[in-house]
Protein chains: 2
Amino acid sequence: MNEKEFLNEVKEISLLNQSLALLEWDSQTGMPEASSDFRGDVVGHLTKLSFEKSVGSKIKESVDYFTEHSEELSELGAQVFEKVKEEYEQNCSIDPKRMQEYKATLSTAHTSWLKARKANDFSIMKGSLEEIIAFLKEFIPLWKKNEKTDYDVLLNLYEPEMTVEKLDLLFEQVKNGIMAIRKEIQEKGQVPRTDFLTRKVSKEQQRKFVLGIATDLGYDFKKGRLDDTVHPFMLPINRKDARITTCWDEDNFKIATFGVIHEAGHGIYEQNIDPKYDYTPLAAGTSMGIHESQSLFNEIIIGGNREFWKKQFPFFKECTEGTFDDIEFETFYASLKETKASLIRIHADNLTYPLHIIIRYEIEKMIFNDGVSVEELPAIWNQKYEDYLGIRPEGDLDGVLQDVHWSGGSFGYFPSYALGYMYAAQLREAMAKDLDIEKVLSSEDYTPIRAWLTKNIHQYGASRKPARLIKDATGEDLNPEYLIQYLRKMYSDVYGIA
Amino acid sequence: MNEKEFLNEVKEISLLNQSLALLEWDSQTGMPEASSDFRGDVVGHLTKLSFEKSVGSKIKESVDYFTEHSEELSELGAQVFEKVKEEYEQNCSIDPKRMQEYKATLSTAHTSWLKARKANDFSIMKGSLEEIIAFLKEFIPLWKKNEKTDYDVLLNLYEPEMTVEKLDLLFEQVKNGIMAIRKEIQEKGQVPRTDFLTRKVSKEQQRKFVLGIATDLGYDFKKGRLDDTVHPFMLPINRKDARITTCWDEDNFKIATFGVIHEAGHGIYEQNIDPKYDYTPLAAGTSMGIHESQSLFNEIIIGGNREFWKKQFPFFKECTEGTFDDIEFETFYASLKETKASLIRIHADNLTYPLHIIIRYEIEKMIFNDGVSVEELPAIWNQKYEDYLGIRPEGDLDGVLQDVHWSGGSFGYFPSYALGYMYAAQLREAMAKDLDIEKVLSSEDYTPIRAWLTKNIHQYGASRKPARLIKDATGEDLNPEYLIQYLRKMYSDVYGIA
């Protein structure tokens with residue numbers, strides 16, 4: 001075994017995964033509906049080929065050999081090896097037969113979830129969810145390294161090195177901070193005018209605007225494309241092909257506008273990973289939380305900035321061809337900052353969004369660390385919405401049934417969204433020491449912002465863990481105060497609270 | 001070895017090929033331009049995996065075993081085995097290293113062709129073309145079974161069982177027949193009015209019209225889709241996913257209209273292959289000629305029919321929103337039949353098109369059977385255009401440099417286009433015995449036509465050779481008289497010749 005042979009095997013896995021990524025993109029955007037059975041077979045086979053290679057003899061041999069002879073690896077080889085070994089151990093930890101049974105359960109659960117939503121009745125998916133949780137409780141000891149609690153293990157599937165101990169403190173601060181801001185707004189805030197936000201903006205007008213904005217922000221359309229989907233996403237095939245999607249609502253231009261700004265952030269991350277990581281698992285975002293930090297940097301830091309909108313407003317007016325001619329800039333800007341408790345996470349504004357995540361985090365932790373039963377979830381859910389957001393779901397559809405994540409087995413994923421908020425605000429703080437962000441956003445050229453993020457985050461791909469990236473980029477560990485300060489500033493400005 | 005094991009191996013090859021088909025579709029329609037190097041690597045790897053399996057130990061073992069024990073195969077198994085064995089022998093006939101060198105030569109030749117076109121100078125690609133021809137002359141003895149001449153071997157790569165002996169006779173009749181019709185038209189034909197054909201029809205108007213027509217003809221959009229490309233094509237991923245593309249010219253609606261009608265014919269063929277052939281190489285058209293017969297049945301038989309256009313004209317007027325309100329139906333119909341000698345094959349009308357093909361056939365035969373040198377090609381080409389079409393290219397760009405086929409090594413492919421014309425006309429004659437075609441085309445429901453073609457052609461996929469399909473469907477061997485009669489009727493009608 002030598003490094004070249006090892007990297008070649010890793011490359012062949014990457015080539016299979018790139019074709020799987022295209023198949024996935026196509027399934028979500030344009031595949032003729034009737035062909036889903038054929039597509040399932042194709043994806044199943046390539047997934048099997050890729051998985052078999054990832055735990056196959058060559059990788060096993062490499063893991064054994066280079067664990068003993070790490071000195072034979074170049075710096076790059078060692079970085080790749082660390083990641084490959086990590087994935088190898090993960091992939092080997094579960095009996096493939098059990099994993100297959102688990103996947104079959106997930107597939108059934110997805111159908112149950114759809115049925116439960118149709119009937120607005122959580123009890124229909126209770127059984128499936130119990131099975132999924134049982135599987136995960138079986139897998140957790142096999143995945144466990146040195147994590148303190150069971151839920152830590154799930155957390156680390158999405159955010160390496162994050163712990164319940166840390167998150168409890170972080171989320172407590174965020175929750176208190178946001179609730180305090182909300183209280184002040186409720187008591188003395190001046191509610192912005194928003195009636196004009198529902199004026200009709202055609203898909204073509206919206207498209208022209210968001211293509212312009214995404215390009216300005218640094219999303220490279222020669223290395224990506226924008227398509228239509230029901231559920232927007234960014235899907236990276238490789239660093240020169242990181243595709244984004246959106247959905248359009250002609251009566252609510254904010255959806256596609258902020259949707260594309262968000263997905264473009266994910267895409268920009270992938271497009272700017274160091275080419276030396278091509279064809280390796282390091283050519284990817286390092287965690288869900290860091291990925292969200294990049295999309296949310298675009299969405300809340302840049303997309304929440306007055307100078308950015310001042311610069312883009314004439315272009316928005318041009319694209320919308322007179323529809324907003326009677327609207328002053330300050331009125332327009334304030335309307336984008338409307339905050340209002342919502343029962344549905346994906347409709348939440350920037351201020352209330354983290355509360356939705358914290359609710360899910362607390363419930364997931366109760367399931368895995370405190371033995372709370374599935375049956376109790378709707379009541380717990382509804383009570384938490386009442387406590388944190390002051391509103392209570394009338395049925396399960398507006399409550400515990402709203403997200404696809406749990407029926408997909410993705411426990412531990414939700415915290416990434418709120419981590420992304422915190423990382424983004426902390427990165428802004430650090431960036432402001434090097435750059436006059438307002439000045440850049442008033443200019444014709446946003447490159448300095450993109451370049452700062454590439455230098456501090458993008459280029460490393462998955463070669464550095466989140467905590468190190470944040471520490472190196474900002475000079476300190478994750479600190480939720482920056483998010484609270486940022487949200488306070490953003491909303492006090494518009495709502496006129498001190 | 002048993003049949004199940006054999007069919008499973010065949011299925012795995014099909015699954016790889018389906019993913020390759022999607023990669024190809026994406027490369028031609030929407031892949032971000034910058035990512036072509038990554039895409040090349042992905043396609044190269046999957047192509048290698050598919051090829052290695054097709055000549056791998058399991059297929060070899062199957063070929064050896066079932067050649068001796070054919071009685072152990074089911075009827076379906078035996079059909080699949082025959083095709084797999086044929087492909088296995090073909091794939092094993094060339095040393096992989098030489099094949100790779102050949103493919104590298106093709107890649108260089110494509111670049112030379114582009115350069116030669118840019119400079120309007122055939123001599124620039126002379127060397128590349130000589131190399132390709134030398135490779136093919138090396139491969140021909142390895143591919144040869146019982147073919148009489150070298151060029152027969154190339155012909156059979158695209159049209160199994162076709163021979164130079166047959167084609168010489170067929171093409172002689174077609175050439176004489178068309179030249180006679182052209183002479184009559186020149187002498188006493190009334191040239192139709194065509195000035196309004198260049199009126200602007202927006203892409204959206206054209207799109208609405210062709211989507212409607214393609215659906216009427218039986219192309220199932222639940223099993224396909226229509227995209228934009230520079231060079232239109234139909235690409236089958238599987239029978240439930242046969243995609244078509246077109247290009248749009250707002251000043252010439254005929255291009256997309258007849259283009260989509262044509263590609264839809266290819267798509268309908270693939271969509272209606274018997275499901276029992278799924279995941280085998282029989283789930284495909286049986287030859288290039290038969291495939292063209294289906295696209296050309298749509299384009300020249302249906303798309304040339306007065307009743308069809310009488311029925312569709314109101315819809316055309318509706319889609320074009322008043323642009324053609326002053327045009328009477330007969331004037332419109334006649335305009336579609338304009339015939340005029342063109343130097344460029346892809347711009348040719350239905351009457352002159354076969355002459356373009358015959359010229360290429362005669363030249364290819366001269367190269368492989370009579371030792372004509374590459375240097376002589378431009379002069380031969382130009383002289384034949386003068387002799388058959390009465391026009392002479394001024395430069396190589398309008399002559400020998402116009403097609404991509406030769407620089408792609410596709411000698412033997414061109415005759416398929418003219419075979420498709422002949423097959424289509426003969427199928428029409430046979431169909432007319434079972435159906436009142438005019439009556440069907442005046443009705444709301446074209447299903448009987450599609451169903452006749454499915455019963456006689458589509459369903460068999462690649463399980464029957466072209467000659468048998470045509471004989472079974474029409475009761476006789478290929479007979480070019482039907483094409484000549486059809487063209488005479490179609491043009492005499494419009495040009496007012498007896």
Side-chain angles (χ1 to χ4, degrees), chain A residues 8-9 11-27 29-50 53 204 219-227 235-245 267 270-271 275 278-279 283, chain B residues 8-9 11-27 29-50 53 204 219-227 235-245 267 270-271 275 278-279 283:
Chain A
N8 190 55
E9 186 70 4
K11 178 173 180 173
E12 290 192 356
I13 296 170
S14 158
L15 293 170
L16 288 169
N17 291 343
Q18 289 189 38
S19 49
L20 279 163
L22 178 70
L23 286 158
E24 174 65 17
W25 170 83
D26 185 67
S27 301
T29 53
M31 181 186 71
E33 49 180 293
S35 65
S36 59
D37 46 356
F38 281 95
R39 180 56 55 88
D41 278 349
V42 172
V43 168
H45 183 61
L46 289 186
T47 303
K48 187 167 157 274
L49 290 182
S50 170
K53 270 179 101 73
E204 276 321 301
Y219 180 79
D220 184 347
F221 280 94
K222 288 196 300 297
K223 300 178 179 173
R225 47 180 285 144
L226 173 63
D227 293 273
L235 194 145
I237 298 173
N238 53 59
R239 98 187 130 78
K240 288 184 178 171
D241 192 356
R243 304 180 181 195
I244 59 177
T245 68
E270 296 284 337
Q271 288 178 342
D278 286 349
Y279 302 114
Chain B
N8 190 55
E9 186 69 7
K11 179 174 179 172
E12 290 191 356
I13 296 170
S14 159
L15 293 169
L16 288 169
N17 291 343
Q18 289 188 38
S19 50
L20 279 164
L22 179 71
L23 286 158
E24 174 66 17
W25 170 83
D26 186 68
S27 301
T29 54
M31 181 186 73
E33 52 180 289
S35 64
S36 59
D37 46 357
F38 281 94
R39 179 58 54 88
D41 278 349
V42 173
V43 168
H45 184 60
L46 289 185
T47 304
K48 185 167 158 276
L49 290 181
S50 171
K53 270 180 103 70
E204 276 322 302
Y219 180 80
D220 185 346
F221 279 95
K222 288 196 299 300
K223 299 178 181 174
R225 47 180 285 146
L226 173 64
D227 292 274
L235 193 144
I237 298 173
N238 54 59
R239 98 188 129 77
K240 289 184 179 171
D241 193 356
R243 306 182 180 193
I244 58 176
T245 68
E270 296 284 337
Q271 288 178 341
D278 286 349
Y279 301 114

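Just so we're on the same page: letters track the sequence lines, and every chain starts at 1.
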Query - Partners passing salt bridge (charged side-chain N to carboxylate O under 4.0 Å, His left out) against R225(A) (at least two apart in sequence or in another chain) - result: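 Testing R225(A) for salt bridge (charged side-chain N to carboxylate O under 4.0 Å, His left out), a comparison that skips the adjacent residues, returns D227(A).
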Query raised in the report: Could you walk me through whether M31(B) and R243(A) pass the side-chain contact (heavy atoms from CB on, under 4.5 Å) check?
Result: CA-CA 10 Å; M31(B) 181 186 73; R243(A) 304 180 181 195; 4.1 Å; yes
Requested in this report: Quick one: which of P32(A), S35(A), S36(A) has the most heavy-atom pairs under 4.5 Å with chain B, could you say?
Outcome: P32(A)
**Report entry** Most contacts with chain B, counted as non-hydrogen pairs under 4.5 angstrom, among L49(A), D26(A), D278(A), D220(A)
**Finding:** D26(A)
Identify all side-chain donor-acceptor contacts of residues 17-25 of chain A below 3.5 Å with residues at least two apart in sequence or on another chain.
| from | atom 1 | to | atom 2 | distance (Å) |
| --- | --- | --- | --- | --- |
| N17(A) | OD1 | S50(A) | OG | 2.7 |
| Q18(A) | OE1 | N238(A) | ND2 | 3.1 |
| Q18(A) | NE2 | S14(A) | OG | 3.3 |
| S19(A) | OG | L15(A) | O | 3.4 |
| S19(A) | OG | L16(A) | O | 2.8 |
| E24(A) | OE2 | Q28(A) | NE2 | 2.8 |

Report task. Drop me the distance from D241(A)'s CG to F38(B)'s CZ, to the nearest 0.5 angstrom. Result ->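 CZ of F38(B) is found 9.5 Å from CG of D241(A).
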